[in-house]
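Report on the structure given below.
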Amino acid sequence: MFIYDSVQKTKLQLVPIKAGEVSIYVCGPTVYDDAHLGHARSALAFDLLSRTLKALGYKVTMAKNFTDIDDKIIKKVETTGKSMQEITSFYIDSYLKEMAALGVRRADIEPKATQSLDAIETMIQTLIDNGFAYRVPSGDVYFDTSKDSHYGNISRRVGEDEENQSRVAHTDEKKNPKDFALWKACKKDEDICFKTSFSSGRPGWHIECSAMIEKHFHGNNEYSIDIHGGGADLLFPHHENEAAQSRCATGHELAKYWMHNGFVQIDGEKMSKSLGNSFFLKDALQVYDGEILRYYLNSVHYRNDFNFNEEDLLAAKKRLDKLYRLKKRVIPGQASVPHPAFKSALIEAMADDLNVSVALALIDQMITQSNEKLDLNPKDKKLKNEILANIEFIDSLLGFGGKEPFEYFQIGIDETVKNKIESLLHERAEAKKNKDFTRSDAIREELLAMGISIMDTPSGTLWEKA
RNA sequence: GGAGCUAUCGCCAAGCGGUAAGGCCGCAGCCUGCAAAGCUGCUAUCCCCGGUUCAAAUCCGGGUAGCUCCUCCA
């Protein structure tokens, strides 16, 4: 398996800390609002990574956290009057539900900041004890970036001048402008507070990931985990700071490899609340089926920016449709073994830093060839079973093509409409038998107006939601 | 102001020094009562200018354009 390491800025062969096992930690969402398409893309990218590693025979342990202590959550508590717990559990549930709709498999470990306070306190205390962090009179604890000679290695940001630092909010209590809060002490009674030996307060943004990794993973004396992932925007300062904390607290590096996914853009611009162009996943799921969104969002390499638009989504859907039309032709059947060359080519493509484009091209090729063979031998059971096995393999590796094909084409059509379609098709069959093509064509037009396209086959007329 | 990424057919998108994958759209044909679906065929020299090399979309230098990060952010 080759992966692109965003710190070394080059593609590297993955050599795990422990042979045959891969540990992954992905930065999950801060649960103060609904997930947007960007969260989906990140989740999808690392889901693909995990599936590929498993297909290659690795034992994968993936952790994805939920940040459930945060300033924005606290703000939501203040504005809504709801409890922090109410808010975070609501958004965790909806996140998991929406990701499930996209076919994202659950992480093996889903740590929360509120459940990791012990580990957080331990790590901060260690940093204080060893002189890498300092407590200021207010009770805040800061990481002393000047004590970490490697600070800046992750984002490759070393010589930042004073002028740039001025953009960062100055706190007089900090020793160096780049220092960041490990712990924020309570300032007033209403603050969310957790008691620790250094002060009552709450963790800073970066510390939870480092602490959770130490709590759940045991790497070797060089690295805590194999791969650390997240969105490209997390590279700095989040991952830089995580790396610094972990390095100073443990004496070794946090992760052997770093992977970052690109952004989802709308109309060529980053999707964000301030621009007013964010697209919530729940809204997208109301219009498009999760599987189609998955196919579409995964169809561009994870490191590239992704420009979301309906036209491209439709093209992606048409591509997925072809797989399901093929599946229609081989069902019902008993999946045998996927074609060896096809299977290995598919894995090989994905093992090259998740080259989905090549994988999809291979699938399209398989579809065309299968249709061709089926045209020649429509009743070849062995052929059909192999094709079915190919499709099942695609589903396990890439997470699409697993539905029952007739259902796939009929998503969102209710029973009443289905009955109407059936009776119209029945009438059309009669008309065709009587060579009343005027009537049969009229029915076809009527169905088309309903958003239903039909296709005549030797075994009868099939219909699809257009 | 500093750092980085990207630029390939109308659109999306691979390519990782050896002579341009795939999909959507379009055109022609086969099939069909006609369609649809499926199949077959056709459609680019890679933003611009230099350089390195036997050989560059791929490497180097200089432009131009777009995006991102440096502040919460997937």
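Scope of the values below: all heavy atoms of this structure, side chains included, with no hydrogens, waters or symmetry mates. Everything quoted here is computed from the prediction, not taken from an experiment. Just so we're on the same page: letters track the sequence lines, and every chain starts at 1.
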When the distance from [atom1] of [X] to [atom2] of [N] is rounded to whole Å, what number comes out?
{"X": "A:Q265", "N": "B:rA7", "atom1": "CD", "atom2": "P", "result": "13 Å"}
{"X": "A:I292", "N": "B:rC24", "atom1": "CD1", "atom2": "P", "result": "15 Å"}
{"X": "A:Y95", "N": "B:rA74", "atom1": "OH", "atom2": "P", "result": "10 Å"}
{"X": "A:H228", "N": "B:rA74", "atom1": "NE2", "atom2": "C1'", "result": "12 Å"}
{"X": "A:E240", "N": "B:rC72", "atom1": "CD", "atom2": "P", "result": "14 Å"}
{"X": "A:H239", "N": "B:rA3", "atom1": "NE2", "atom2": "P", "result": "23 Å"}
{"X": "A:L234", "N": "B:rU68", "atom1": "CG", "atom2": "C1'", "result": "13 Å"}
{"X": "A:F236", "N": "B:rA74", "atom1": "CZ", "atom2": "C1'", "result": "18 Å"}

Could you please name the partner base of [N], counting Watson-Crick and G-U wobble pairs only when both distances are under 3.5 Å?
{"N": "B:rU53", "result": "none"}
{"N": "B:rA14", "result": "none"}
{"N": "B:rA21", "result": "none"}
{"N": "B:rU40", "result": "B:rA28"}
{"N": "B:rA65", "result": "B:rU6"}

Under a 3.5 Å distance rule, please check whether [X] uses its side chain to pair with a backbone N or O of [Y] as donor and acceptor.
{"X": "A:S370", "Y": "A:I387", "result": "no"}
{"X": "A:D305", "Y": "A:F263", "result": "yes"}
{"X": "A:R51", "Y": "A:D395", "result": "yes"}
{"X": "A:S344", "Y": "A:A341", "result": "yes"}
{"X": "A:D70", "Y": "A:T30", "result": "no"}

Between [M] and [N] - [atom1] atom distance, rounded Å:
{"N": "B:rG22", "M": "B:rU32", "atom1": "P", "answer": "29 Å"}
{"N": "B:rG10", "M": "B:rU43", "atom1": "C1'", "answer": "11 Å"}
{"N": "B:rC30", "M": "B:rG23", "atom1": "P", "answer": "22 Å"}
{"N": "B:rU45", "M": "B:rG17", "atom1": "C1'", "answer": "16 Å"}
{"N": "B:rC67", "M": "B:rU53", "atom1": "C1'", "answer": "33 Å"}
{"N": "B:rC9", "M": "B:rC48", "atom1": "P", "answer": "11 Å"}
{"N": "B:rA14", "M": "B:rU71", "atom1": "P", "answer": "31 Å"}
{"N": "B:rC39", "M": "B:rC31", "atom1": "C1'", "answer": "9 Å"}

### Task
Given salt bridge (Lys or Arg N to Asp or Glu O under 4.0 Å), test A:R202 with A:D71 step by step and report yes or no.
CA-CA 10 Å; A:R202 59 197 151 85; A:D71 288 2; 2.4 Å; yes
Could you write out each protein N or O paired with an N or O of nucleotides 19-22 of chain B at a distance under 3.5 Å?
residue	atom	partner	partner atom	Å
B:rG22	O2'	A:R319	NH2	3.0
B:rG22	O2'	A:D364	OD2	2.9

### Query
Tell me, for nucleotides 27-38 of chain B in 5' to 3' order, what letter each nucleotide earns: B for a base near a protein heavy atom under 4.0 Å, S for only sugar-phosphate near one, - for neither?
------BBBBSS
### Query
Given A:Y296, which of A:F400, A:Y288, A:F306 fulfils the ring pair (Phe, Tyr, Trp, His ring centres under 6.0 Å) condition?
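One option only clears the test, and that one is A:F306.
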### Query
Which one of A:F143, A:F236, A:Y142 satisfies the ring pair (Phe, Tyr, Trp, His ring centres under 6.0 Å) criterion with A:F180?
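Single pass found, and it is A:F143.
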### Task
Please examine the side chains of A:V22 and A:T61, heavy atoms only from C-beta on, and report whether any two atoms are closer than 4.5 Å.
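No - every pair of side-chain heavy atoms lies 4.5 Å or more apart.
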Classify [X] by what it touches in the nucleic acid, base, sugar-phosphate, or nothing, heavy-atom distance under 4.0 Å.
{"X": "A:G231", "answer": "sugar-phosphate"}
{"X": "A:H238", "answer": "nothing"}
{"X": "A:V264", "answer": "base"}

### Task
Identify, between A:F306 and A:P29, the residue whose nearest nucleotide on RNA chain B lies closer to the 5' end.
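So the residue in question is A:F306.
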### Message
Closest-nucleotide mapping onto RNA chain B: is A:N355 or A:F263 further toward the 5' terminus? I mean the 5' end.
### Response
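Between the two, 5'-proximity favours A:N355.
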### NZ or CZ of A:K465 within 45° of A:F409 ring axis and under 6.0 Å
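Relative to the ring axis of A:F409, which defines the angle, A:K465 lies outside at least one limit.
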### Query
Relative to A:Y4, does A:R303 satisfy both conditions: NZ or CZ under 6.0 angstrom from the six-membered ring centre, and within 45 degrees of the ring's axis?
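The answer is yes, since A:R303 meets both limits relative to A:Y4.
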### Task
Could you verify whether a donor N or O on one side chain and an acceptor N or O on the other, from A:Y25 and A:N65, lie under 3.5 Å apart?
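Yes, because at least one side-chain N or O of A:Y25 sits under 3.5 Å from a partner of the opposite role on A:N65.
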### Message
Can you tell me whether the side chain of A:H260 and the base of B:rA74 have a donor-acceptor pair closer than 3.5 Å?
### Response
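Under the 3.5 Å cut-off, the side chain and the base do not form any donor-acceptor pair.
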### Candidates B:rC11, B:rC24, B:rG4 - which lies nearest the side chain of A:K318
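Shortest atom-to-atom distance from the side chain points to B:rC24.
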